[in-house]
Amino acid sequence: MTRPTPLSGFPEWLPAQRLIEQSLIERIRRTFELHGFAPVETRAVEPLDQLLRKGETSKEVYVLRRLQADAADATDSGLGLHFDLTVPFARYVLENAGKLNFPFRRYQIQKCWRGERPQEGRYREFYQADIDVIDRDGLPNHYEAELPVVIAEALAGLPLTFKMHVNNRKLSEGFYRGAGLADPMAAIQAIDKLDKIGPDKVAALLAETAGATEAQAKACLALAEISAEDGSFAEAVAKLGVSDPLLDEGLAELTTVIETGREHAPGLLVADMRIARGLDYYTGTVYETFIAGRERFGSVCSGGRYDNLASLGDETFPGVGLSIGVSRILGVLFGQNALSVSRPTPTCVLVALPAEDDRPECNRIAAALRARGIATEVAPAPAKFGKQIKFADRRGIPFVWFPGAEQQVKDIRSGEQAAADPAQWTPPAADLYPVVG
RNA sequence: GUGGCUGUGGCUCAGCUGGUAGAGCACUGGGUUGUGGUCCCGGGGGUCGCGGGUUCGAGUCCCGUCAGUCACCCCA
């Protein structure tokens, strides 16, 4: 059989990288729980109509089908792998509304799948770490200010600088409406392309899809120019001379978000009127996060407020959420070798095996160490001690244990060796588990 | 889905205008008789991505295909 080749877009890491990935996920998980978000895991698949109902581009959804299903088989109901965690969560909330307490704050760290052409920092199978707060009927604005603070803590300590760009759909929509545009939503989608196609083409697009006059297009572009790390953006918007009640609402909400961020996550947030986001279910604050110097990688943490994603009859469940692109951040970290791990295996102690007959004794030593939380393995086969030390050295295992009448443990980095009792001996805390840093 | 580039031991790569497949690292055995890392000597491992064509002869040239990769699109 020919050697299997990697599947593009479906990354599989070596143990050292997986340890780094796990430590990043663990760090995020602990922060989420520290802020009182409850864990949830949803199934990998959703009915296709659920996945597609909010205008997602259908071509990126991986569809699930039984190999034996024939064309006429109607029970082959059309399942697709989820492409994010927000849509499944909205479905989950509706399904369990009666058992949940609102406002409900949950986190979810799971794989997602998108059938796009992969490239650096973009995968077809990847981890997202998602927090959302969903309430019943109404959702106070302060949650939109709270979530970025949680994210800032989750990502703190990574050797990367994050900038979260924040805008508010009400602000944009109100402005466009106040400026007299017929189709504010079309204008939002046109402005979303500003970075890619430039102001000239956006102006043309505004005229074409949103029915903007030359002066209106100019006003839209002027709004998109505004950005600030503090509340001063509101005055800049006011200077453009457009007034609309929805605009005022958006300005007030965005000010709350920015000012809260200034206090609890200094340096993270920037109000940026050009952030629009393609998804049409957002109704308030929208977020996109970039790594300083790696803006081309795209957003590594995005989300927003959605008022209409989940509704049941006349009951609505408005929410706000943010998703960390764990795999994408990891891609950047691996790409610049920014993180390393002290060893590629959890094993802290290798028990040397003098002869096969000694295995029962070695197993007892290993059990005694494990009972006290020390990751231990017994050498695979009897061999000269030099070889067994080499075995440990190759794997970065810091300690080799020699059984016998007087048991000894050797730190193979320093060469220090001393008598030790498996019921007593403890390694330095830093050696207990692989350290990521 | 469209276009550019690239496919040679596990890894990084060399291989001339076509002439019988190489190096370093890694692995493994020994020197060193049960305490490693250095050093020295030896060993294993490759359908040259796959299929076809040109040729006396193809890793090398041509066509196709698959995979990887980058860009577009879209997004975490």
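From a predicted model like this one, the values you see are computed outputs, not experimental measurements. Per chain, numbering begins at 1; letters A, B, ... match sequence-line order.
No more than 12 heavy atoms of other residues, nucleotides or ligands shown are found within 6.0 angstrom of NZ on A/K218.
Using P as the reference atom, B/rU8 and B/rG49 are 6 Å apart when rounded to the nearest Å. Between B/rA21 and B/rG37, the two C1' atoms lie 34 Å apart (nearest whole Å). Taking atom C1' on both nucleotides, B/rC61 is separated from B/rC16 by 15 Å, rounded to a whole Å. For the C1' atom pair drawn from B/rC41 and B/rC50, the interatomic distance equals 40 Å after rounding to whole Å. Rounded to a whole angstrom, the distance from the C1' atom of B/rG36 to that of B/rG19 is 48 Å. Rounded to whole Å, the C1' atom of B/rU2 lies 31 Å from the corresponding atom of B/rG59. Taking atom C1' on both nucleotides, B/rU28 is separated from B/rG45 by 11 Å, rounded to a whole Å. Spacing of P atoms, B/rG51 relative to B/rC13, comes out at 25 Å, to the nearest Å.
Comment: A/K170 does not engage A/E173 in a salt bridge, judged by the lack of any side-chain N to carboxylate O separation of less than 4.0 angstrom. Using a cut-off of 4.0 Å between Lys/Arg side-chain N and Asp/Glu carboxylate O, A/D132 and A/R105 are scored as not salt-bridged. A/E116 has no carboxylate O lying under 4.0 Å from a charged side-chain N of A/R124, or vice versa, which leaves the two without a salt bridge. With respect to A/R364 and A/E361, a salt bridge is recorded, a charged nitrogen being found less than 4.0 Å from a carboxylate O.
A/L221 CG to A/M273 CE: the interatomic distance, rounded to the nearest 0.5 Å, is 14.5 Å. Between the CD atom of A/Q108 and the CG atom of A/D84 there is a distance of 9.5 Å, given to the nearest 0.5 Å.
Per the geometry, CZ belonging to A/R117 stands 11 Å off C1' belonging to B/rG68, to the nearest Å. In this entry the distance linking CD of A/E60 with C1' of B/rC73 reads 11 Å, nearest Å. If you measure from atom NE2 of A/H82 to atom P of B/rA76, you get 14 Å, rounded to the nearest angstrom. Remark: C1' of B/rC11 and CG of A/L14 are 11 Å apart, rounded to the nearest angstrom. As rounded to whole Å, 9 Å separates atom P of B/rC74 from atom CG of A/D192. Summarising the geometry, the separation between CG on A/L194 and P on B/rC74 is reported as 14 Å, rounded to the nearest angstrom. For A/F10 and B/rA67, the CZ to P distance is 12 Å, given to the nearest whole Å. Atom CZ of A/R124 is separated from atom C1' of B/rU69 by 12 Å (rounded to the nearest Å).
No donor-acceptor pair under 3.5 Å is formed between the side chain of A/R372 and the backbone N or O of A/T426.
Side-chain nitrogen and oxygen atoms of A/T289 include none within less than 4.0 Å of the OP1 or OP2 phosphate oxygen of B/rA76.
If you check the side chains of A/Q189 and A/D192, you find no donor sitting under 3.5 Å from an acceptor.
Using a 4.0 Å heavy-atom cutoff across all strands shown, A/F391 reaches no nucleic acid atom at all. Note on A/L7: only backbone sugar-phosphate atoms sit closer than 4.0 angstrom, heavy atoms only; bases stay farther off. If you check every strand for non-hydrogen atoms under 4.0 Å, A/P382 touches nothing. In this structure, A/Y127 reaches neither bases nor backbone, as no heavy-atom distance under 4.0 Å exists between it and the strands shown.
Among residues at least two apart or in separate chains, ring pair (Phe, Tyr, Trp, His ring centres under 6.0 Å) pairs with a member in residues 324-363 of chain A are A/W13-A/F334.
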Using a cut-off of under 3.5 Å, enumerate the N/O to N/O pairs linking the protein to nucleotides 25-32 of chain B.
| residue | atom | partner | partner atom | Å |
| --- | --- | --- | --- | --- |
| B/rC27 | OP1 | A/R394 | NE | 2.9 |
| B/rC27 | OP1 | A/R394 | NH1 | 2.8 |
| B/rG29 | OP1 | A/K387 | NZ | 2.7 |
| B/rG29 | OP2 | A/K387 | NZ | 3.1 |

**For RNA chain B, the dot-bracket pattern of Watson-Crick and G-U pairs whose distances stay under 3.5 Å, | for other-strand partners** = (((((((..((((.....[..)))).(((((.......))))).....(((((..]....))))))))))))....
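Checking B/rU35, B/rG68, B/rC74 against the side-chain heavy atoms of A/K193 singles out B/rC74 as nearest.
For A/D393 against B/rG37, a side-chain-to-base donor-acceptor contact under 3.5 Å is absent. Side chain A/Q417 to base B/rU35: a donor-acceptor pair is found below 3.5 Å.
For the pair A/D358 and A/S327, nearest-nucleotide mapping onto RNA chain B gives the more 5' position to A/D358.
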Show me, pair by pair, the donor-acceptor contacts under 3.5 angstrom made by side chains of residues 429-437 of chain A, not counting sequence neighbours?
| residue | atom | partner | partner atom | Å |
| --- | --- | --- | --- | --- |
| A/D431 | OD1 | A/R413 | NH1 | 3.0 |
| A/D431 | OD2 | A/R413 | NH2 | 2.8 |

**Verdict with supporting geometry, A/F290 and A/H165, ring pair (Phe, Tyr, Trp, His ring centres under 6.0 Å)** = CA-CA 8 Å; A/F290 301 94; A/H165 296 243; 5.4 Å; yes
**Item:** Test log, rule side-chain contact (heavy atoms from CB on, under 4.5 Å), inputs A/I291 and A/T161
**Value:** CA-CA 6 Å; A/I291 295 172; A/T161 303; over 6 Å; no
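Scanning residues 404-412 of chain A for heavy-atom distances under 4.0 Å to RNA chain B yields A/K410, A/I412.
Shown here are the side-chain hydrogen bond (donor to acceptor under 3.5 Å, both in side chains) partners of A/T345, two or more places apart in sequence or in another chain: A/T347.
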